Protein chains: 2
Amino acid sequence: MSAARSTRKRILDAAAELFQRRGFSGFSYQHIAAQLGVRNAAIHYHFPSKADLGVALLGRYRDSFRWWTEQVGRQGLSSAQKVAGFLELESRYCLEGKVCPLGVVCVEFENVTEAVRAEAAGLASDLETWLVAVLEEGRRSQELQVEGASRPAAVVILAQLQGGLQLARLRGHRHFQDVLHRVRENLGISSADLMVAAS
Amino acid sequence: MSAARSTRKRILDAAAELFQRRGFSGFSYQHIAAQLGVRNAAIHYHFPSKADLGVALLGRYRDSFRWWTEQVGRQGLSSAQKVAGFLELESRYCLEGKVCPLGVVCVEFENVTEAVRAEAAGLASDLETWLVAVLEEGRRSQELQVEGASRPAAVVILAQLQGGLQLARLRGHRHFQDVLHRVRENLGISSADLMVAAS
DNA sequence: GTCTATAGAGGGATAGAC
DNA sequence: GTCTATCCCTCTATAGAC
């Protein structure tokens, strides 16, 4: 952490970008090296194997999400606003032409190490746990309309977003918008909540 | 087509299997060759480049689906039964530990040729077109409960299934079951329809 | 912590015999 | 239509200098 932004961080930034655009086996150390203006070996110094890089990458998604949830938790937002904020995060991916990191690991599942799978499963668990809690909270306060149990409801929402993000790539952003609208409708999230979440 | 099952077909079978398990760049001609007991070059004879193989692969998914829809169309099934049959197809993938072919291309989008993308987009279009028609039909006959316009409703269902299939890999089949139940609930598909579709 | 250099494996692809 | 043989490239990974 000598430089303003350490090489390790810059590697992870570049890797994340490539990861969500080309898939895990779709990018190489060379791609990262070229983008950073360093050599192949420099990256191996920070991440000895590509599996190490994969695990670190997914770990950082987990850290980012944890950081985001803690921040959101401190702002005293309503359940609807929290969900709207989450949808906003996903929308950003869509605009950037990226897909959900989970989808990448899922698709290449039998091509990645056990450690990578485990870290991805952990990320999925983090997302689900948080969303379940928010749905529960929203149900109790009657801010959100949650049909059935919260856990399956959360799973369905995550699946919708993951699939929608992918289809948007193939068939246009409108497909993701369709998913977004449906999620909001189902939960009864108003446009007022969206305003707040956007700020 | 000299042998009982031509090599070309056997190649596509093996490739489809690998494709849905390891992703597109996650398998090689070597994998297929080893599985078929032939040499690398034999596969290049049938599919000069890997992009050719990818396009042929997706083309076959399209053909299979077209064949399936025509068969289903001739059986005079209700709309609910048609949808139930489609869900059955997806469930089979789940049981086999596979994901939707579309998801694979979406994830590796920036790593495949334009021709592969186009064929995948075509498959997505086929699925959507068929499902929209069935939803429309079900709405008119009041067999299916379709909220809002049929097209976005179809898109959402396809996204749910694609995402659910992937998450099931990471977190267990129950996650796909959650998605299935939600899709059926939303459309108001009864268990009686499922019986017929299973046969 | 980054470099040069290189090993070693695997991948896509082709030529030419059979 | 399949084989052997081979080319060339890319990729992961390591050793050792700076």
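What's counted below: heavy atoms across the whole structure, side chains too, no hydrogens, waters or symmetry copies. Everything quoted here is computed from the prediction, not taken from an experiment. The sequence lines fix the lettering, A, B, ..., with proteins before strands; numbering per chain opens at 1.
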For residues 97-110 of chain A, please give each side-chain donor-acceptor pair under 3.5 Å, one per line with the distance, not counting sequence neighbours.
from	atom 1	to	atom 2	distance (Å)
A:K98	NZ	A:E17	OE1	3.3
A:K98	NZ	A:E96	OE1	3.2
A:E108	OE1	A:S25	N	3.1
A:E108	OE1	A:S25	OG	2.5
A:E108	OE2	A:F24	N	2.6
A:E110	OE2	B:R21	NH1	3.1

Practice task
Could you check whether A:A42 gets within reach of a base, just the sugar-phosphate, or nothing at all, counting any heavy atom under 4.0 Å?
Solution key: sugar-phosphate

Practice task
Output yes when A:E114 and A:R117 qualify as a salt bridge under the 4.0 Å nitrogen-oxygen rule, no when they do not.
Solution key: yes

Practice task
Please report, rounded to the nearest Å, how far the P atom of D:dT12 is from the CG atom of A:N111.
Solution key: 12 Å

Fill in the blank from the handout: Of D:dT2, C:dG12, C:dT2, the nucleotide closest to the side chain of B:K50 is C:dG12

Handout entry: Strand contacts (DNA chain C) in residues 22-40 of chain B, 4.0 angstrom heavy-atom criterion
Key = B:F27, B:S28, B:Y29, B:Q30, B:H31, B:N40

Exercise for the section: Give a yes/no answer on whether the side chain of A:H44 brings an N or O atom under 4.0 Å of OP1 or OP2 in C:dG1. Expected result: no

Problem - Any A:T7 side-chain nitrogen or oxygen under 4.0 Å from OP1 or OP2 of C:dT2 - result: yes

Completion exercise
Nearest heavy-atom contact between A:S91 and A:L180 is OG-CD1, 3.3 Å

Problem - Spacing of B:L158 atom CG and A:H175 atom NE2 [to the nearest 0.5 Å] - result: 8.0 Å

Practice task
Could you tell me whether the side chains of B:Q30 and B:S28 share a donor-acceptor contact shorter than 3.5 Å?
Solution key: no

Exercise for the section: Rounded to the nearest angstrom, tell me the gap between atom CZ in B:F47 and atom C1' in D:dG1. Expected result: 13 Å

Exercise for the section: Using whole Å, report how far CD1 of A:I43 lies from P of D:dC11. Expected result: 12 Å

Fill in the blank from the handout: Taken to the nearest 0.5 Å, the spacing of A:D63 CG from A:D126 CG works out to 9.5 Å

Completion exercise
Here the distance between atom P of C:dG12 and atom CG of B:D52, to the nearest Å, is 13 Å

